[in-house]
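Protein chains get the first letters and strands the later ones, always in sequence-line order, with residue 1 at the start of each.
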Amino acid sequence: MFQRDRLFTLIVWSAALLVVLIFASFIGNIIYYGLKNFSFLYLWSNPINTGREGGIFPIIISTLLILLVCMTVAIPLSLCTAIFLTEFTSQENILARFIRRSIDVLSGVPSIVFGLFGNAFFSVKLGLGFSILSGGLTLACMVLPIMIRLTQEGLRAVPPEYSLSGSALGISRSQILLHLLLPAAAPSVIVGLVLGVGRALAETAALVFTSGYVDRLPQSLWDSGRALSVHIYDLSMNVPGGETSAYKSAFTLLILVFFINSITTQLTKLWLQKRIILQ
Amino acid sequence: MNKELPEFYPSLPLKIRPDCCEPSPHFQIENLSLKYGSKFAFRNIKLTLNRGCITALVGPSGCGKTSFLMCLNRLIELIPGASVTGEIFFDTQDLMKAKTPVIELRRKVGMIFQKPNPFPQTIRKNIEFPLKEHGILDPIKRREILERALTDVGLWQEVKDRLEAPALTLSGGQQQRLCIARAIALEPEVLLMDEPCSSLDPISSGVVEDLIASLRQRFTVLIVTHNLAQARRIADYVAFFWLEDGAGSLIESGPTKQIFNEPRHKLTAAYIGGLRG
């Protein structure tokens with residue numbers, strides 16, 4: 001018995017260590033090669049010679065714009081859908097079941113399929129062409145399922161007393177939601193947001209078909225713009241001698257994800273703390 | 001019937017209550033039944049609550065006392081699968097009408113839950129948030145109401161220096177008094193209380209009980225309690241629920257003195273005598 005316990009402990013520990021090791025070596029690799037001859041000028045200048053030299057300024061702007069479009073659409077949509085599913089319908093409701101099933105299916109669709117759909121629908125059918133707008137909207141479709149699911153889980157975990165005691169005091173449903181339920185569900189909503197942002201920033205395949213390849217500074221949302229992930233893919237696959245720059249871009253992407261996530265988390269917490277006190 | 005069971009009568013002297021003025025009905029409930037799905041929670045309840053009096057609802061668990069309370073402020077409609085039939089008149093207002101303005105009704109008919117449930121906000125916000133929702137936008141006025149409500153429940157001296165502290169840092173008894181303050185800040189006419197003392201320690205329970213007794217005449221109070229001694233101490237009227245055929249029903253109701261001294265029904269006598277339940 002004792003022997004078996006020790007073996008078990010050993011397996012659990014080595015598995016955990018292995019995960020940490022993989023993660024550390026992977027991050028370390030990017031930081032090591034990315035920081036090699038990295039300068040802030042890299043962030044501020046235009047790419048030269050298809051990205052082998054120069055910087056990535058227009059690419060960062062395109063990435064941020066695509067993310068902005070994506071989140072502007074995905075956040076309200078996912079919040080409202082989650083609220084509808086948890087607060088306005090019962091579990092057995094046919095429409096709710098249909099929506100839940102759609103979300104399940106949607107979350108299992110490979111990103112390349114989203115890319116093809118985005119291309120066919122946003123670029124061609126709606127005539128948006130290869131643009132930041134079609135890219136952002138395609139990404140919004142992609143991140144919706146995860147954001148809805150986590151918001152829903154957060155709302156479900158809120159103790160039912162909040163809702164009951166609020167209603168018993170004659171507070172309207174919308175105010176209970178805004179002041180009590182959503183703030184209480186916030187930790188989960190934030191996780192959804194962070195995962196959504198991460199997934200959107202990491203996406204390559206879907207964007208190749210929708211927001212395109214152009215590495216100039218976009219003049220409007222209707223312009224094509226190259227996202228960082230696409231840039232990394234292009235540098236490492238299609239541009240001989242682009243590896244150094246690819247590493248630097250990957251490093252930038254990591255920092256970007258980190259920054260955006262901490263800013264969203266802090267802002268959401270700040271907004272919430274005005275409403276309720278999270279333990 | 002009471003002649004057969006004399007030995008069960010409580011022998012303690014009753015605190016005689018003035019029959020709080022002329023009884024005038026505030027709530028009239030006729031033939032009220034509640035079903036969850038196809039199962040009756042209670043059936044054919046007929047009860048009148050008199051203005052300014054404390055009515056205690058006693059009886060074993062699971063006979064629909066809490067659900068009954070929730071019918072009176074229509075909170076029951078938030079419970080999936082619940083369907084109510086019968087008549088409830090609040091003054092002259094027919095509450096069973098679909099068009100009843102529930103927000104306004106719930107301001108007039110406050111409710112206190114078994115477990116203290118302050119919002120996870122500061123003490124001040126707990127009272128001011130509902131006030132704001134009911135259109136009291138002047139901060140000075142809200143502040144006055146806050147102080148008055150907290151004074152009424154005897155909490156003002158205890159919390160006046162820490163109004164910005166989270167309400168959940170208060171003790172259980174304080175939390176429950178805060179919940180009562182939150183309800184009376186809205187100047188309701190009726191307070192529904194669902195075992196407000198049962199999750200509190202004996203000392204806090206005593207404090208809350210005295211508070212409830214002090215609300216007599218200012219509010220019409222309907223209080224569910226499992227504590228018969230408590231019902232006897234504070235209630236003017238007692239209504240006794242019991243399970244019949246798996247559904248709650250009202251066995252007997254009347255002035256506290258009568259229910260405890262001369263119960264008309266055998267079950268009532270057995271219950272208050274401690275023989276059953």
Within the supplied structure, the quantity of interest is the number of heavy atoms (other residues, nucleotides, ligands) at a distance under 6.0 Å from [X] [atom1]; does it exceed 12?
X: B:Ile140; atom1: CD1; answer: no
X: B:Arg143; atom1: CZ; answer: no
X: A:Leu17; atom1: CG; answer: yes

[X] versus chain A, heavy atoms under 4.5 Å apart: side chain, backbone, both or neither?
X: B:Pro130; value: both
X: B:Arg182; value: both
X: B:Gln121; value: both
X: B:Lys125; value: side chain
X: B:Lys115; value: side chain

Any idea which heavy atoms bring A:Ala168 and B:Leu75 closest together, and the distance? N-CD1, 3.8 Å

State, to 0.1 Å, how close A:Gln175 and B:Phe129 come at their nearest heavy-atom pair, and which atoms those are. O-CZ, 4.1 Å

Would you call [X] and [Y] a side-chain contact if the rule is heavy atoms closer than 4.5 Å?
X: B:Phe113; Y: A:Glu161; result: no
X: A:Ile171; Y: B:Phe119; result: yes
X: A:Ser165; Y: B:Met111; result: no
X: B:Ile103; Y: A:Ser172; result: yes

Which one wins on heavy-atom pair count under 4.5 Å against chain A: B:Arg74, B:Arg106, B:Lys108, B:Met70? B:Arg106

Just do the side-chain contact (heavy atoms from CB on, under 4.5 Å) check on B:Asn117 and A:Tyr162 with the steps written out, would you? CA-CA 7 Å; B:Asn117 55 1; A:Tyr162 290 8; over 6 Å; no

Please walk me through it: do A:Leu169 and B:Arg107 pass side-chain contact (heavy atoms from CB on, under 4.5 Å)? CA-CA 6 Å; A:Leu169 288 163; B:Arg107 191 190 67 72; over 6 Å; no

